[in-house]
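All figures in this text were calculated on a predicted structure; none of them were measured in a lab.
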Amino acid sequence: MQRKTVSLSLASCLAVLASGISIAPAFAAERPNVIVIMSDDQGVGDYGFMGNPVIRTPELDAMHRRSGFLSKFYVSPVCAPTRACLMTGRYNYRTRCIDTYIGRAMMDSDEVTIAEFLAGAGYRTGIYGKWHMGDNYPLRAMDQGFQDSLVHRGGGIGQPSDPIGAEGKYTDPTLIKNGEETPMKGYCTDLYFDAAMDFIDQSVQADENFFTYIATNAPHGPFHDVPEALYQEYLQVDFSPILINKLNPKRLEQESDKLARIAAMITNIDENVGRLFTKLDTLGIRENTIVIYLNDNGPNTMRYVGDMRGMKSHVDDGGIRSPLVFHWPAKVNAGHRSDVLCAHIDLLPTLLDACGVDVPADHKLDGRSFLPLLTGQATSLPPRQVVLQTHRGDQPQPYHHFALHEEPWKLVHPSGFGRESFSGQPRLQLYDLRKDPRQKNNVADQHPEVVRRLKQDYDAWFQDVSSTRPDNYAPPRIVIGTEHELQSVLTRQDWRHTQGRPWAGNSNGVWLLEAPEAGEYKIELIFSGGHPAGKATISAGPMTETLAIAAGKRRGHTAEMKLPAGKLTLGVDVVFEGKVQGPHQVILTRRDR
């Protein structure tokens with residue numbers, strides 16, 4: 001039977017989601033199920049099949065042998081931008097998600113995700129692990145197409161967005177299940193895979209296709225809480241073969257301990273991948289289930305990245321490359337390989353292509369389907385360029401920390417992720433990656449015409465992505481007081497920073513909110529503890545309220561305020577011993593609904 005194609009307008013997709021209607025097309029059994037697994041800070045070289053001689057990944061090595069493989073696959077240099085690109089098929093600069101914290105890792109709710117497209121086509125959708133594009137309505141994964149959601153807040157466990165009392169807990173964490181803080185028992189990666197497999201089992205029992213997104217926060221730091229047995233095993237390992245730099249004995253010992261912790265987390269993910277395939281076999285669905293594995297950026301230390309250079313946050317290839325392992329026995333032959341330039345923006349169009357879901361003609365995507373490369377229908381695709389740019393700050397700056405790729409050329413300005421801008425004129429570098437994958441030989445002077453042409457192409461790209469919508473880089477707002485989220489937990493992850501270092505104890509910030517209607521709220525201020533007595537002033541639009549803060553008391557400081565309808569800024573100035581700082585978290589609870 002010829003496969004039918006689902007063609008839904010964006011309005012139809014969103015209407016389906018809003019109504020809660022489940023579409024179950026007659027041809028559902030013929031469509032593939034989809035599982036996307038993405039690790040956090042793992043790095044392009046942290047796999048046995050990529051040549052790593054130390055870190056054990058036997059299950060992923062076996063998956064690689066059975067799968068199609070993209071050897072030239074690019075991601076962004078840091079977490080949230082990669083996730084926005086992957087979820088939307090669009091450059092993250094179009095989505096308002098431009099950094100990793102302080103309100104700039106929030107994706108505009110108008111963006112349409114893979115989950116929304118597939119849910120609109122009758123798939124059950126679930127996310128397990130890291131979302132990192134907004135912790136409050138309407139920005140959460142559960143607001144963006146995921147019908148089942150088990151996630152942590154912020155960019156990782158161990159950050160200021162952690163639930164109170166569960167700070168830094170990879171083991172027995174408190175996770176957010178469908179919007180509710182839920183204490184769990186077990187190691188976080190195991191819990192994500194457990195929940196994902198339960199979701200898959202339920203989908204199969206209901207005879208429904210599924211899209212399952214497993215996004216681990218491992219091996220992202222902090223590294224204090226890792227699988228103990230694997231950690232003890234790796235403490236006996238010599239990590240010198242994967243260290244980039246020579247270190248003195250004391251530093252080598254410290255780095256080896258950190259790498260033992262990172263490797264333990266990676267091998268734990270690998271073991272869970274093995275458990276997942278066993279589950280697919282038990283359910284009898286391996287043949288027509290797409291399973292994809294990738295990492296979100298370069299490694300979180302300076303370690304082995306194959307024949308490249310760089311690490312997380314770098315725009316050198318070691319910081320922005322990932323293997324893309326594509327397992328689909330029904331359509332993709334084991335060992336099929338392509339070295340065509342592909343990137344995270346291509347994942348959405350590829351999966352929609354595989355699932356027979358059309359993208360409306362008026363919906364702009366930056367990516368393209370790479371499925372023909374893996375099914376053998378094509379050995380090449382039309383030439384294209386991929387641009388990757390990310391740096392700290394409230395708004396992207398032209399030429400700052402970017403790389404433009406056009407095979408075989410790489411035009412790059414590695415001006416540093418950690419700075420908001422750079423001084424002077426951009427000092428552009430050009431590399432021929434076909435001859436020089438380690439980027440040792442800058443050939444900009446030998447090929448000025450290539451530099452000039454690619455610079456013009458970058459200019460056009462930057463202008464295009466920067467004019468996607470009015471006020472293109474305005475931060476999204478948290479919407480409060482609706483039935484979708486009557487209690488909003490506001491953290492330093494999503495505040496707009498105003499004072500001090502962003503997450504330091506003495507820092508401060510404000511939250512950009514929007515209230516559809518006026519309402520009565522209880523406002524609770526939460527502190528990290530150990531503070532003296534003080535006084536807090538809460539301001540929300542034209543309203544202000546003051547309250548005394550008891551010494552050392554973390555919770556229970558509350559005020560009642562009526563907040564007006566419309567856009568407003570919520571700020572809290574706390575004075576301790578004559579110095580002003582912000583709270584650790586704020587909880588807003590609508591009282592009159």
Side-chain angles (χ1 to χ4, degrees), residues 9-11 13-14 74-78 80-100 102-114 116-117 133-134 138-139 144 315 320 341 343-349 359-368 382-406 411-413 415 417 419-422 425-426 428 451-477 494 496 512 514 567:
S9 69
L10 284 180
C13 290
L14 299 178
Y74 283 89
V75 291
S76 295
V78 289
T82 286
R83 293 159 207 278
C85 293
L86 183 152
M87 276 290 115
T88 65
R90 290 152 58 87
Y91 283 113
N92 63 289
Y93 281 0
R94 297 192 190 280
T95 73
R96 292 194 165 130
C97 179
I98 63 172
D99 199 349
T100 66
I102 54 176
R104 298 321 327 239
M106 302 162 77
M107 186 173 75
D108 195 286
S109 59
D110 287 343
E111 293 295 321
V112 184
T113 68
I114 300 176
E116 287 174 300
F117 276 116
M133 289 185 288
L139 309 167
Q144 290 288 97
V315 285
I320 51 176
L341 173 64
H344 47 20
I345 53 175
D346 299 329
L347 204 60
L348 178 145
V359 177
D362 61 350
H363 184 66
K364 181 177 177 60
L365 295 180
D366 294 305
R368 66 185 182 184
R384 54 99 68 104
Q385 295 173 337
V386 170
V387 185
L388 302 163
Q389 179 176 355
T390 309
H391 57 80
R392 291 292 190 212
D394 197 44
Q395 184 162 317
Q397 303 296 313
Y399 307 114
H400 185 22
H401 206 55
F402 86 92
L404 182 151
H405 298 86
E406 177 195 272
L411 183 72
V412 62
H413 187 227
S415 46
F417 167 75
R419 296 182 294 174
E420 295 190 15
S421 62
F422 66 94
Q425 294 298 309
L428 301 178
V451 173
R452 184 164 50 251
R453 177 177 63 82
L454 295 182
K455 180 176 178 294
Q456 290 174 346
D457 292 340
Y458 167 82
D459 290 339
W461 172 86
F462 190 87
Q463 174 61 31
D464 178 29
V465 297
S466 297
S467 57
T468 301
R469 50 169 58 92
D471 202 5
N472 198 68
Y473 296 120
R477 286 179 177 265
D494 290 338
R496 304 297 298 120
L512 302 182
E514 185 169 358
K567 295 180 179 179

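Between L388 atom CG and H405 atom NE2 the span is 6.0 Å, to the nearest 0.5 Å. The OH atom of Y399 lies 3.0 Å from the NZ atom of K455; values are rounded to the nearest 0.5 Å. Separating the CZ atom in F402 from the CG atom in L411 is a distance of 4.5 Å, to the nearest 0.5 Å. The CD1 atom of I320 sits 9.0 Å away from atom NE2 of H344, with the distance rounded to the nearest 0.5 Å. A distance of 4.0 Å separates CD of Q385 from CG of D457, quoted to the nearest 0.5 Å. Here the OG1-CG distance, from T468 to D366, works out to 7.5 Å after rounding to the nearest 0.5 Å.
At least one side-chain heavy atom of P396 sits under 4.5 Å from a side-chain heavy atom of I98. Within the 4.5 Å cutoff, the side chain of D99 has heavy atoms near those of the F417 side chain. In this structure, the side chains of Q144 and E116 come closer than 4.5 Å at one or more pairs of heavy atoms. Side-chain contact between R83 and C97 is absent, with no heavy-atom pair separated by less than 4.5 Å. Side-chain contact check for T95 versus M87: every heavy-atom pair is 4.5 Å or farther apart.
Under the side chain to side chain donor-acceptor pair (under 3.5 Å) criterion, T100 pairs with R392, not counting sequence neighbours. Judged as a side chain to side chain donor-acceptor pair (under 3.5 Å), and not counting sequence neighbours, the contacts of R90 are E111.
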### Query
Does the pair H363 and F117 meet the rule for a side chain to side chain contact (heavy atoms under 4.5 Å, CB included), with working shown?
CA-CA 12 Å; H363 184 66; F117 276 116; 3.7 Å; yes
### Message
Could you walk me through whether T82 and Y74 satisfy the side chain to side chain contact (heavy atoms under 4.5 Å, CB included) test, starting with their C-alpha distance in whole Å, then the side-chain angles of each, then the deciding distance to 0.1 Å, before giving a yes or no?
### Response
CA-CA 9 Å; T82 286; Y74 283 89; over 6 Å; no
### Task
Walk me through it: do I114 and L86 pass the test side chain to side chain contact (heavy atoms under 4.5 Å, CB included)?
CA-CA 8 Å; I114 300 176; L86 183 152; 4.2 Å; yes
### Query
Going through the distances and angles, do D464 and R94 end up as a side chain to side chain contact (heavy atoms under 4.5 Å, CB included)?
CA-CA 9 Å; D464 178 29; R94 297 192 190 280; 2.6 Å; yes
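Formation of a donor-acceptor pair under 3.5 Å by the Q463 side chain with backbone atoms of A460 is not found in this model. R104 contributes a side-chain N or O that, together with a main-chain N or O of R96, makes up a donor-acceptor pair within less than 3.5 Å. Side chain of N92 to backbone of C85: no donor-acceptor contact under 3.5 angstrom is found. Within the 3.5 Å criterion, the main-chain N or O of L341 finds a donor-acceptor partner in the side chain of R384. Put simply, the side chain of E420 never gets that close to the backbone of Q397: no donor and acceptor are under 3.5 Å apart. Judged purely by atom type and a 3.5 angstrom limit, N472 uses its side chain to pair as donor or acceptor with the backbone of V465. Side-chain atoms of H401 never come within 3.5 Å of backbone atoms of R419 as a donor-acceptor pair (strictly under, hydrogens ignored).
Between F462 and Y93, the ring planes lie perpendicular to each other; the angle is over 60°, past the 30° to 60° tilted range.
When ring centroids are compared, F422 and H391 stay outside the 6.0 Å threshold.
The two residues A343 and V386 come nearest to each other via the heavy atoms CB-CG1, 3.9 Å. The minimum heavy-atom distance between A84 and T88, with the atom names listed, is O-OG1, 2.7 Å.
Checked by atom type, the side-chain pair Y473/S466 shows a donor-acceptor distance below 3.5 Å.
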